[in-house]
*Asks:* 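After the structure tokens below, expect a handful of questions from me.
One is the number of the first residue; the rest follow in order along the sequence. Indexing begins at 1, ligand by ligand and atom by atom, following the structure's order.
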Amino acid sequence: MMRFSAEVETARKDGAPIVALESTIISHGLPRPMNREVAIEVEEIVRSNGAVPATIAIIDGVTCVGLAETDLERISNDREIVKASIRDLPVVAARGISAATTVAATSHIASAAGISVFATGGLGGVHRGARETWDESADLSALASIPILVVCAGAKSILDVPATLERLETLSVPIIGYRTNRFPGFYLADSGYPLEYRCDEAEEIAAIWKSRSDVGTINSGLVVAQPVTNEMDRTVHDSLLKEGLAAAESARISSKGVTPFLLEYFHTHSNGESMRVNVDIIKSNAALAATIAVEISK
Ligand code: PSU
Ligand code: MN
């Protein structure tokens with residue numbers, strides 16, 4: 001059971017390029033009221049780059065691919081909105097509640113709707129301290145088994161980046177640096193870790209995406225990592241990260257609360273810097289995703 005917006009419905013019929021967008025970044029990743037404005041702008045960026053935006057969320061138990069204005073309004077402002085990863089989907093649907101979807105859940109739904117390109121901010125991954133907590137985002141296992149191309153700014157810098165990269169290797173998820181040989185660090189342009197593959201043009205990325213069928217790896221995802229152009233001040237970043245991690249520990253935040261807690265910590269303590277960077281990231285990723293979707297549809 002899926003509800004498509006009129007523009008997504010038409011694009012599906014015409015085989016026009018579509019870009020999926022997630023909704024957790026709106027409900028749990030950015031503060032009100034700018035979250036809604038950003039979501040609208042991001043959709044507009046996808047359109048101006050030649051593709052149709054499909055923001056994905058669950059509204060009253062119904063999976064929506066492309067949100068109406070009232071739906072977007074609810075995802076942005078309703079404090080009851082749940083953060084849904086893949087495992088939450090059956091519960092949310094059966095109970096008829098409304099939820100925003102993570103990278104994992106958005107990928108799952110987009111793929112089921114026949115959409116293969118998706119733009120987000122930063123991937124979830126292995127959390128720092130995962131040796132004790134076992135906290136690893138379902139985004140990683142989702143990318144191993146869902147045929148989706150995700151454009152992101154690397155993994156969030158709040159994570160254990162080298163462990164996340166190792167897990168992506170184990171899970172056989174390819175990572176392409178867009179105009180970089182370095183794995184981007186979300187708020188930072190360079191996480192400090194290298195990438196094996198770099199592409200400078202969307203056309204090359206589309207060719208790699210298509211060659212998955214030649215080599216028979218069509219059942220897994222692909223990560224395209226684009227660095228932020230104007231990164232956060234590194235000193236501010238590093239001290240906020242240290243403080244935020246300590247605050248999360250003393251507040252005993254766990255499970256799906258960790259990422260939203262840390263992002264909010266950055267947003268309230270960085271004088272608008274982390275917000276600016278997060279918004280820059282999602283906008284440039286939306287533009288690149290649209291360009292890639294156009295290339296794939298050729
Ligand atoms: N990117 C952002 N902001 C966000 C997210 C990504 O710029 O809020 C969300 C995505 O929905 C991602 C989630 O899937 O954070 C990761 O949550 P967790 O670590 O609990 O899996
Ligand atoms: Mn987690």
*Asks:* If we only consider heavy atoms of H28, is any one of them less than 4.0 Å away from an atom in ligand 1?
*Replies:* no

*Asks:* Roughly how far, to the nearest 0.5 Å, is the CG atom of N278 from the CD1 atom of I25?
*Replies:* 5.0 Å

*Asks:* Let me know which of T24, T106, D88, T63 forms a side-chain hydrogen bond (donor to acceptor under 3.5 Å, both in side chains) with T101.
*Replies:* T106

*Asks:* Give the atoms of ligand 1, by number and element, whose distance to some non-hydrogen atom of T102 is under 4.0 Å.
*Replies:* 11 (O), 14 (O)

*Asks:* Provide the number and element of each atom of ligand 1 under 4.0 Å from a heavy atom of F186.
*Replies:* 7 (O)

*Asks:* Under 4.0 Å from a heavy atom of T120: which atoms of ligand 1 are those, numbered in the order shown and with their elements?
*Replies:* 1 (N), 6 (C)

*Asks:* Taking the N/O/S atoms of D135 one by one, which is nearest to the Mn ion (ligand 2)?
*Replies:* OD1

*Asks:* Would S137 count as being in polar contact with ligand 1, using the rule that some N or O on each side must be under 3.5 angstrom apart?
*Replies:* yes

*Asks:* Using a strict 4.0 Å cut-off to heavy atoms of T24, name the atoms of ligand 1 that fall inside it.
*Replies:* 11 (O)

*Asks:* Run the salt bridge (Lys or Arg N to Asp or Glu O under 4.0 Å) test on R276 and D280 for me, step by step, so that the C-alpha distance in whole Å, both residues' side-chain angles and the decisive distance to 0.1 Å come before the verdict.
*Replies:* CA-CA 6 Å; R276 176 193 64 75; D280 275 7; 3.2 Å; yes

*Asks:* Say you draw a straight line from OG of S157 to CG of L240; how long is it, rounded to the nearest 0.5 Å?
*Replies:* 10.0 Å

*Asks:* Does E136 bring an N, O or S atom to under 2.8 Å of the Mn ion (ligand 2)?
*Replies:* no

*Asks:* If I take atom OG from residue S98 and atom CD from residue E80, how far apart are they, to the nearest 0.5 angstrom?
*Replies:* 10.0 Å

*Asks:* Is there side-chain contact between N230 and V277, with at least one heavy-atom pair below 4.5 Å?
*Replies:* no

*Asks:* Quick check: does G122 get an N/O under 3.5 Å from an N/O on ligand 1?
*Replies:* yes

*Asks:* Going by the atom numbers of ligand 1, which of them fall below 4.0 Å from some non-hydrogen atom of H127?
*Replies:* 19 (O)

*Asks:* Kindly compute the distance separating OG (S76) from CE (M34), expressed to the nearest 0.5 Å.
*Replies:* 11.5 Å

*Asks:* Quick check: D139 and ligand 1, any N/O pair under 3.5 Å apart?
*Replies:* yes

*Asks:* With only distance considered, is K83 within less than 3.5 Å of ligand 1 through an N or O on each side?
*Replies:* yes

*Asks:* Among protein heavy atoms, which lies nearest atom 11 (O) of ligand 1, and at what distance?
*Replies:* E22 OE1, 2.6 Å

*Asks:* Heavy-atom contacts under 4.0 Å between V258 and ligand 1: side chain, backbone, both, or neither?
*Replies:* neither

*Asks:* Looking at D60 and R74, is any side-chain nitrogen of the basic one under 4.0 Å from a carboxylate oxygen of the acidic one?
*Replies:* yes

*Asks:* Please say whether T259 places an N or O atom under 3.5 Å from an N or O atom belonging to ligand 1.
*Replies:* yes

*Asks:* With a cut-off of 4.0 Å, which atoms of ligand 1 are near a heavy atom of G29?
*Replies:* 8 (O)

*Asks:* Among all protein non-hydrogen atoms, which one is nearest to atom 7 (O) of ligand 1, and what is the separation to 0.1 Å?
*Replies:* N278 OD1, 2.9 Å

*Asks:* First locate atom CG of L171, then atom OG of S145, and finally report the distance between them rounded to the nearest 0.5 Å.
*Replies:* 9.0 Å

*Asks:* Is there a polar contact, in the sense of an N or O pair closer than 3.5 Å, between K156 and ligand 1?
*Replies:* yes

*Asks:* Classify the side-chain pair H127/T133 by whether it contains a donor and acceptor separated by less than 3.5 Å.
*Replies:* no

*Asks:* Is any N or O atom of L263, backbone or side chain, closer than 3.5 Å to an N or O atom of ligand 1?
*Replies:* no

*Asks:* Show your reasoning for whether side-chain contact (heavy atoms from CB on, under 4.5 Å) applies to E43 and L21.
*Replies:* CA-CA 8 Å; E43 289 193 347; L21 299 165; 4.0 Å; yes

*Asks:* According to the interplanar angle, ranging from 0 to 90°, do the rings of H237 and F266 count as parallel (below 30°), tilted (30 to 60°) or perpendicular (above 60°)?
*Replies:* tilted

*Asks:* For atom 2 (C) of ligand 1, what's the nearest protein heavy-atom neighbour? Residue, atom name and distance, please.
*Replies:* I25 CD1, 3.5 Å

